[in-house]
Structure formats: structure tokens, C-alpha cells
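Structure record follows, encoded as C-alpha cells.
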Amino acid sequence: MSKYKVNLKINNIPISVDEGTTILQAAKMLNFNIPTLCNHPDLCVAGNCRVCVVEQKGSRTLPAACAVPVSEGMEIQTNSMQVRAARKHIIELLLSEHNSDCTKCYKNGNCELQDLANEYRTSNNLFIDLMKSTKMDISSPSIVKDDTKCIRCQRCVRTCAELQNVNALAVVNKGHLMKISTFLNKPLNEVVCTNCGQCVNRCPTGALVEKNYIDEVWSAIYNPEKFVVVQTAPAVRAALGENLGFDIGTRVTGKMVSALKRMGFDKVLDTDFTADLTIMEEGTELLTRLKKALVDGEKVALPMMTSCSPGWIKFQEHLFPELLENLSTCKSPQQMFGALAKTYYAEKINKNPQEMVVVSVMPCTAKKFECDRPEMRSSGYKDVDYVLTTRELGMMIKQAGIDFTKLEEEKYDSVLGESTGAAVIFGATGGVMEAAIRTAYEIVTGREIPFVNLNVTPVRGMEGIKAASVKIKDVKPEWAFLEGVELNVAIAHGLVNAKQLMTQVKEGKANYHFIEVMACPGGCLGGGGQPIPTNMEIRKKRAEAIYQEDENMYLRKSHENPEVNDIYKEFLGEPLGHKSHDLLHTHYKARKRY
Amino acid sequence: MEKKLLKKVDLIFEKCNCLNIIDKVLQRSGDDIILDIIDSGLKGRGGAGFPTGLKWKFAKNEEADQKYIVCNADEGEPGTFKDREILDRVPEKIFAGMAVCAKAIEATKGYIYLRGEYNFLLPALNEKLTVFNQAMKDRKFEFSIEMRSGSGAYVCGEETALLESMEGKRGEPRNKPPFPVAQGYLGKPTSINNVETLVFALAIMNIGPEKFKEFGTMDSRGSKVFSISGDTPKGGIYELELGMTIEDFVNEFGDGDTKAIQVGGASGFCVPRKHFKDTIIGFEGIPTGGSMMLFNSSRSMYNVLQDYLEFFEEESCGQCTPCRVGCQQLLKGILAVKRGEKPPAYLEELKKLSQTMKIASKCGLGQSVANPFNSIVNNFREEIIY
Ligand SMILES: Cc1cc2nc3c(=O)[nH]c(=O)nc-3n(C[C@H](O)[C@H](O)[C@H](O)COP(=O)(O)O)c2cc1C
Ligand code: SF4
């Protein structure tokens, strides 16, 4: 921040702020909120919705508070008659283009335009209805795009470009025909969209929402012939509370389990179990690749890259098909769970997998796409039937009339319910890496990692690309080839960072052994299916919650998960074994670049 | 108010030895050149009328490793065609004007952003530019000019949209500040000037600011090239001294039955016959980028307004709410009033809306729709309603 101070007055109150501060930020410091729509703290300034206009003494026009920096001697009114009249007009104009069928809208009650319309008491039909009837794009299994609800704030466009560098969404046409579209106006499932849902998370209205499977899941629950099991992803427990009356950063694991049981799921299980399993499989895969490279002199694809994030996988398939070999062949924890649920678990509880319905609760919209992939049917059935986002679960808990805040905490069912702290941290960027290091180091050396309290702090935090190295010393005899090796790792979150890292890898400028990538900023805790709003401050609080959850666990290393050890003994044999190969691993395919 | 009689002038198209002028200018300091331009009172001829000397001074005062001069030859305002004539007849004077600016603000690279529809001029311009660029090299003056083509959007004449377009992006106006003189093309200080402005800058270097100031009034120095069209027996391009009344102008160019004149194109003002006498053409009266459209009594002002609004509805870039939706509402609104679907009083609501567009739109396009709207609705209300 610059040292220069600027003096100005807002609503006649003097204030001195750093040079470069916007009027919007300065007003906030004086506890004046100026309404905004196109503004989002994660994105660059657009200044196009114009609802944040304010009056500036001496200016012919009303500057947009989000876009204009303060200047010396400025006098601003944030709520004058002129400002109110203009703002009201602007809101009325947006409503005149908008499909204002609020009661039928999925975003009813969580819509920024609706809030503003309420606040400004817009009159009935001041302007002529301009709503164009356009067909919804329901082609994607993850995202529904409804242009009749779009206010052209371009938050989605900026998200897709700035945070993800995917550019699946862009502005086309001008004037009254201007809209947000895809390459050649193709349906979302035919373009480069990774289904990450970051746009959905930032859409102020109902123009971009997740495809919801709420009714399907209720039907399954109430179908007496179905045995419905649910798995919950690590990051959900650190955010679900936001939708149900808790402060940001509250861990609600036990209450969530209790709510799921009350909703009528037959078994409430944990994706964290398969997160631990992923570490066993992926860790072994990494060590095998390293052995091939270092001992056998074989040509293997290194750095190896994680494969838990389906948005990231699709991104790689579109944009870096030449690096698909580098992706770990491990399925994501969600899909490992599905495959085991309808085989190992079905056998254990004596159910016909055909009668089973596997539901996942995920912080993610891309998981909806993932469970539809043709590769994800290793059990002979669709391994995971339905994916709900954190938001959908929140909605269903409300629909069921459950008073979430007052619920007693309950425990996951067993088996497929036990997990360690290493699995929980999958929800934060760097978490998979940390979990992998905790286990791999111990396997190779027989000792715990040399980090205080097992916290591998160099891989934590919100920096876009993180790099770290771990020196491996005094190894067990069978790992002699790793003696003295400096294991170099890198972590990227948000696809814009992934792209940067992949470009380095492609150009041979990245000397890493192992790379973790998560499609969403902050990792899964900032996933597209998480409660809205999400921003840096919120992501940090969710991350704190996740690391607290880890520290509170009795077991914190994946290889110590007793259920994981059991499943290898009883069913899988060994990591990368024959059964693992059939059920827990997958392959990828190159896709077009647009 | 200071007035001038209608007088034809020839500063723009008059032949002169451009290289001689450049040689003289190259001997001078940037500050010295800028002082002359400020002294001359020259204001931008692209429509906004910003004092050219001041713009150059801002650009000069910026510290940067690279600065640019961009000539705005997008000429998109309906009814304007004077820049085309200048580009066609005296392109060397434009290049030379850019060289003057380059010397003044210390720019080394110039671009001419040419309206897409004028691409037929490209071969000739490029040929002459090769000669010009060589001439600059011969003089060891580090400056060269390159052509850039627009793609047909009116809004790309707006200076920041023009920059976006030049950078290969969608032509959407930027937030200001920062202004182009501070952060323009590729984020570097850039002076953007209209074709005609640059030729006048050259003329001032040639004849001196005193001579230039002999033309025009206190607030509107010099002359201006007008594009005259509509109901006139002698439409075309004329360079006239600034400061004349519309009455004088109509006496010269009207067909004897002029009921209104649209000054400044679609985004300008409509002046009805009753105000011809007391309206001056210039920055103290009605400023204009040069478009003068005459309408006689056979014309429906409703149709004129509808045409303009259709133009804006289509040519708004669409990014900001007041302009994108406002234009549609104004257009649909007058249609509804005409058809009796809305009461005449609805025009008052629309006028209030146009006021919001004027103060809350992001760029000059949305901000100026109120000009034709109010001036036509106020002066020809019955034609709009009945
Ligand atoms: C919608 C819009 C269109 C414009 N089109 C042009 C144009 O075609 N040519 C032009 O010189 N200026 C145009 N302008 C004005 C420019 O933004 C800018 O003010 C001008 O190029 C500056 O040059 P000047 O100071 O020499 O007039 C336009 C402005 C707006 C808002
Ligand atoms: S005023 Fe119109 S043209 Fe200008 S930025 Fe807004 S929408 Fe675009």
C-alpha cells in the first residue's frame, strides 16, 4: 500500500485514507455500505452495473464508487436524492430485462438483484418489459445457464478468465443483443467449460446455477426398494453451517451427520475414508514412478500430478493433453467411494448393488460431471448416482424441517466411515500434498515427518503457486534408492495458476516430482458448490476450520486408518494391486481446445 | 455574446510543405510547442472539445519509457464524413500533425485507427506512410506511424474503447480515471486526437497561434470542417469559421424550408427554427464534431428520433445498465406513446430516465443520448405523440 494519504469527505464526514483506495472502500470504512452488483472482491473492477454511483461535488456525472479512486478534497454523497433516483432507475432497468419470476427461481432468497429491488422498493412496471424468451442451456450435468436471469454484470466472464483462465464464457454482440455466451454459442457441455462452478458461485442472480438433483435424491430416499448411502466430502463440513445459521468457519461435522440420518439416508459414510485410501494408492504410485525413474532408468511421466479435482482433470484434457500421462491414475475419492460402495460394501452389508443408491455431498459442481463419466462404472453400475452440492444439502435440510443449530452431534456409520486428519485437509489447497508427505515420508524412513505437530506449513496458505522440498534421509533398506533425494513438490489452486505451472512443466522449466492441483481458488473449501458468497476472507476462515478439524482428530496419517488397513487385508490386497487397478484407477482422454 | 458572420476558411485542405514545418518544429522544445497550442485555444475536433494543448501537456508530464500518439479516424458519428475527406485529400498533413504531437509529448510511435468502412483508403495511406516514415528516419527523428483498422462498432470511436480494440480486445470503454494520457495504449501514456485536430495543430505550427486566433470567438478559436447533409441543395464538406449563428448557417445552406437542424450528429442537439437566431455554433453555444443535418417541413421528427434511438440501441457496447437498457426503454417508450399504449405523460418518465443515463452511464455514448432525446421531445412534442 502506498504511504500517501488522501483527505476527503463522505456524507460530510471527513476521512483520510491511503492513495488508491476506491470511494466504495473509503465509504465502507465509515460504515456506509454502497450497493454493488458487478463488483466482487475476487475479481478486477468492472464498473458496468452502475448501481454504486455516488454524487461527487463539482462533477457533472455520477462516478461509480467501485471504480473511482479517492482524490484530495473530494466530497461524496452516497445517498442523495439524485443518487437514489439514479440507482432506482438502474435497478428498474435491470428488472425490466430480467425474468422476475422470483418465487419460482432456484436463487429465490439468495439473489443480489432481489435484495436490491427490495431495498429500493421498486415500483410496479415503471418500464416496458424487455425480457427475451431464450431457452435455458441445460446441456451440462453441472451447470444450468438461464439468460433470462442474466444482468450482464460479467462476473462470470471475469471469473472464467481471471481466476480460471478457461474463457468458456465471454461477451458476444453489442447493444440490446449483448449477452454472455460460449464459443459459437455452443451448449456448455460441448465447450471447454471445466464445470468448476466458480461462475455459479459468483453469479449474483439465478442466471448460472448448479443443476440440482434434490428431487431425485428425495425420491430415492423415499423409495422403499432402495438402500441409499451418502458420502460427504472433507470441505463440506467446514462450510455447510454458513447456509444454516452458523458463523463462517464453524465446523459442523457431527450435526451434518445427524441431519443426514434424520433425512432418511440408510447409511451416512465419509468420503474422507477414500481420501485416506487415495493417499495409499497415489503415494504408492508416486514411489513406483520414482523407482522406475531412478533405479530402472525407465521413462516415466514426472512430475506426477494429483487427480482428485474433476474440474482440473477436464481442464488438463482440453488444454494440456500432452501431459495426461503425468496425471495420477487414481480416481478421485468420490469415485473410489462409489466403486467400493457397490462392491466391497454391498457384499459386507449383504445388499444387491442394483438396489443401492450412492449420493455424494460435495463442495463441487464438477463432481456432477465426474460421476457421469463413462469410465466411472467399475462396479458394473453407475458408481455414484447423484451429487449434491453443499448448497443443495443446506436446502434439503431446511426442506426436511430440521432445526440444524440445535442438533446433537452424531458419528459416521462404519465401515467406510472412519478417517484421519490427513483426509480432512484434502479440503484445503496443499492438503493432498501434506497428507501424501505425512505418509510417504514415514513409509520410506520409518519416522514421522520432521514438522512440528505434523503440520507441513510450507504447503499451506493461499498463495497461488507454492513450492517446497523435503530432504529424504536415513531411509529403510528397501527404499535405498531414495537416500538423499530432495523431493520437490508444487501446489497450484485456481486454474489460472495451474495453467502457469503447466506451462512451466511443458517447457521443461519445472523440476518437480509431485504436483497437487485443485481447480478452485483455495482448494475444495472454495469450491463452486460451496455457500455463496465466497471470497478470500471466507476461504481463509474455512481453511482454519479444516486445519482445526485435523488437529482435533486422534489419527492424522492416512496409513493409520484402521478401516483402510482392513480393506487391503480383506478385499483389495495391496495398493496398485489387481483389484485396485479395476476399481480405484482410471484413464483420461484428450478433448478439443474450445 | 461574441458572434461571427459565416465565413469560409481554408486551413485544412490548403496545400503546404509539411516536411518544412516538421523541420522547424524539430528545432523547438516540447514545452514550447505545447505553449503555442495552448495559446491558440485549439479544442478537440472529435466531439468532446477538450483543449488539445492541455491534453498534450498531461501526456508530456507523464514519466514513461514509451508513449504513443493515436489518431482517431474512426469517424462513426452519423452525419459526419469530414475526416474521410481529410484522409483522402491531405493525409500528409495528418502524419505531420502526429509528428508535431510526437515531438511535443515525446512519443516515438503513432497509430491511425481507421474506420473499417474506410479500408478502401488503406493502400494509398500505406504508400504515403512509407515515404513519411522514411522521411522521419532521414531526419534522425525517432517516430513512425502505422495503420490500424476498426471493425465497425460506433463505440470504438470512444477513446478508451478504441484502445481496447487496438489491443485486440472487445471494444468496451474503460473506467476513467486513469485517462489515456496517463495509461493508454498498452498501459502507456497516449494522446488520442481526432484527424482534424491534428491537422489544425500542424496549421498552428505553420501560421502561429496569433493568426489562428483571428478566426472564431473567445471560446471557440479557429475554424471547423463541417459535414453538411439532409435537406440542403449544397450538402458536402465546408470549412467555416466558428461562432456563426444557426440562422446564418441555414440562410446559406438551407432549402428555404428548414424546420430543424441536428447539430453534432445523432449524439448532438436538435435546434428548432425558433432558436436559429439565438444559437451559436461553437463551444459557447452548441458544439459539434462537424455534423450538421438539416430537416425541412416534410420530415417527421418522430422518425428522426426513432432512427437515432435505433442507432444507439444497437451501437451501445452493452456493458453498462443505464445505456444498454435505457436506450431500449427510450425507443420502446416513444413507440408505446405513439401507439397510445402509454399516456403522453410517459414522456416525462422517459426524460427523467434520459437524465439518469446522462449522469450514470459509463461513457460518452450513454451520456449523450439525452441530447437528441430531450431536444427533440421538448421541441417537437406533438410530433412524438400524434
Ligand atoms: C461513442 C463515442 C464515439 C466517438 N467517436 C469518435 C470518432 O469517431 N472520432 C473522434 O475523433 N472522436 C470520437 N469520439 C471522441 C473521442 O472519445 C475523443 O474524445 C476524441 O477522439 C479526442 O480527440 P480530440 O480531442 O482531438 O477531439 C467519440 C466519443 C464517443 C463517446
Ligand atoms: S455508456 Fe453505453 S457505450 Fe458507454 S460503456 Fe455504457 S453501455 Fe457501453
Side-chain angles (χ1 to χ4, degrees), chain A residues 22 37-38 44-56 59-64 66-69 71 82-98 113 123 125-130 132 151-154 157 161 170-180, chain B residues 151-156 160-161 169-178 309-337 341-342 346 349-350 352-368 370:
Chain A
T22 62
L37 281 173
C38 66
C44 80
V45 168
N48 60 28
C49 75
R50 313 305 285 177
V51 296
C52 71
V53 288
V54 293
E55 198 171 317
Q56 180 187 353
S59 169
R60 200 171 44 82
T61 53
L62 306 181
C66 71
V68 176
S71 57
Q82 198 188 24
V83 168
R84 291 189 59 79
R87 241 178 237 162
K88 195 164 169 175
H89 261 149
I90 290 165
I91 297 162
E92 302 258 16
L93 288 174
L94 286 171
L95 291 172
S96 78
E97 265 189 335
H98 186 77
L113 181 63
S123 54
N125 299 336
L126 171 61
F127 294 126
I128 294 167
D129 185 10
L130 298 172
K132 298 189 182 77
I151 59 167
R152 279 96 161 155
C153 66
Q154 300 190 36
V157 175
V171 178
V172 299
N173 303 340
K174 59 184 166 42
H176 60 124
L177 299 176
M178 180 268 209
K179 63 171 188 173
I180 313 305
Chain B
S151 301
Y154 167 63
V155 73
C156 286
T160 56
K169 301 184 212 141
R170 188 181 149 81
E172 279 184 357
R174 297 176 180 170
N175 289 303
K176 292 189 257 190
L309 291 175
E310 280 171 357
F311 173 78
F312 288 123
E313 186 206 36
E314 211 177 292
E315 291 299 334
S316 156
C317 80
Q319 70 164 314
C320 80
T321 315
C323 173
R324 179 188 69 251
V325 198
C327 289
Q328 297 176 64
Q329 288 296 350
L330 294 183
L331 176 61
K332 297 270 186 326
I334 62 162
L335 275 161
V337 171
E341 293 158 6
K342 289 271 184 191
Y346 190 59
E349 294 297 341
L350 295 179
K352 283 188 216 154
L353 170 61
S354 77
Q355 176 61 19
T356 292
M357 293 166 69
K358 191 184 188 95
I359 58 177
S361 292
K362 185 166 176 176
C363 87
L365 192 153
Q367 288 166 8
S368 57

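Below, read A as the first sequence line, B as the second, and so on, with proteins coming before strands; counting in each chain starts at 1.
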* Asked: Does the side chain of Ile359(B) reach to within under 4.5 Å of the side chain of Arg60(A), using non-hydrogen atoms?
  -> no
* Please state whether the side chain, the backbone, both or neither of Glu341(B) comes within less than 4.5 Å of a heavy atom of chain A. => neither
* **Sequence neighbours excluded, every pair satisfying side chain to side chain donor-acceptor pair (under 3.5 Å) that has a member inside residues 87-96 of chain A** => Arg87(A)-Tyr120(A), His89(A)-Thr356(B), Glu92(A)-Ser123(A), Ser96(A)-Gln329(B)
* Structure fact -> One should read off an interatomic distance between Glu313(B) CD and His176(A) NE2, to the nearest 0.5 angstrom, of 4.0 Å
* Is Cys49(A) close to Cys320(B) at the side-chain level, that is, under 4.5 Å between some pair of heavy atoms? -> no
* Structure fact -> So NZ of Lys332(B) and CZ of Phe127(A): to nearest 0.5 Å the spacing works out to 13.5 Å
* To do: Evaluate the side-chain proximity of Met178(A) to Arg170(B): yes if any heavy-atom separation is below 4.5 Å, no if none is.
  => yes
* Validation row: Val325(B), Leu130(A) side chains within 4.5 angstrom (heavy atoms) -> yes
* **Engaged part of Pro69(A) at the chain B interface, taking heavy atoms whose separation is under 4.5 Å** => side chain
* Structure fact -> Bottom line for Phe312(B): the part with an atom under 4.5 Å from chain A's heavy atoms is neither
* Side chain from CB out, backbone as N, CA, C, O: work out which of these in Cys327(B) comes under 4.5 Å of a heavy atom of chain A, or both, or neither. => neither
* Structure fact -> For Lys362(B) and Ala46(A), the nearest pair of non-hydrogen atoms, with its separation, is NZ-O, 2.8 Å
* In terms of heavy-atom proximity below 4.5 Å to chain B, should Val172(A) be classed as side chain, backbone, both, or neither? -> backbone
* To do: Select one option (side chain, backbone, both, neither) describing which atoms of Ala153(B) are under 4.5 Å from chain A's heavy atoms.
  => both
* Is there side-chain contact between Val51(A) and Thr321(B), with heavy atoms separated by less than 4.5 Å? -> no
* **Among Thr61(A), Leu177(A), Ile128(A), residue most engaged with chain B (heavy-atom pairs, under 4.5 Å)** => Ile128(A)
* Kindly indicate whether the side chain of Glu172(B), heavy atoms from C-beta on, has any atom under 4.5 Å from the side chain of Gln154(A). => yes
* **Closest contact, heavy atoms only, Leu126(A) versus Lys342(B)** => O-NZ, 4.2 Å
* **Min side-chain heavy-atom separation Arg324(B)-Arg152(A) under 4.5 Å** => yes
* Side chain, backbone, both or neither of Lys358(B) within contact of chain A (heavy atoms, under 4.5 Å) -> backbone
* Measuring from Asn48(A):CG to Cys317(B):SG, what's the distance to the nearest 0.5 Å? -> 8.5 Å
* Sub-4.5 Å side-chain heavy-atom contact between Val68(A) and Asn175(B) -> no
* Structure fact -> Taken in chain and number order and not counting sequence neighbours, the residues that satisfy side-chain hydrogen bond (donor to acceptor under 3.5 Å, both in side chains) with Lys174(A) are Glu315(B)
* **Under 4.5 Å from any heavy atom of chain B - which part of Ala64(A)** => neither
* **Residue Val171(A) versus chain B: region with a heavy atom under 4.5 Å** => both
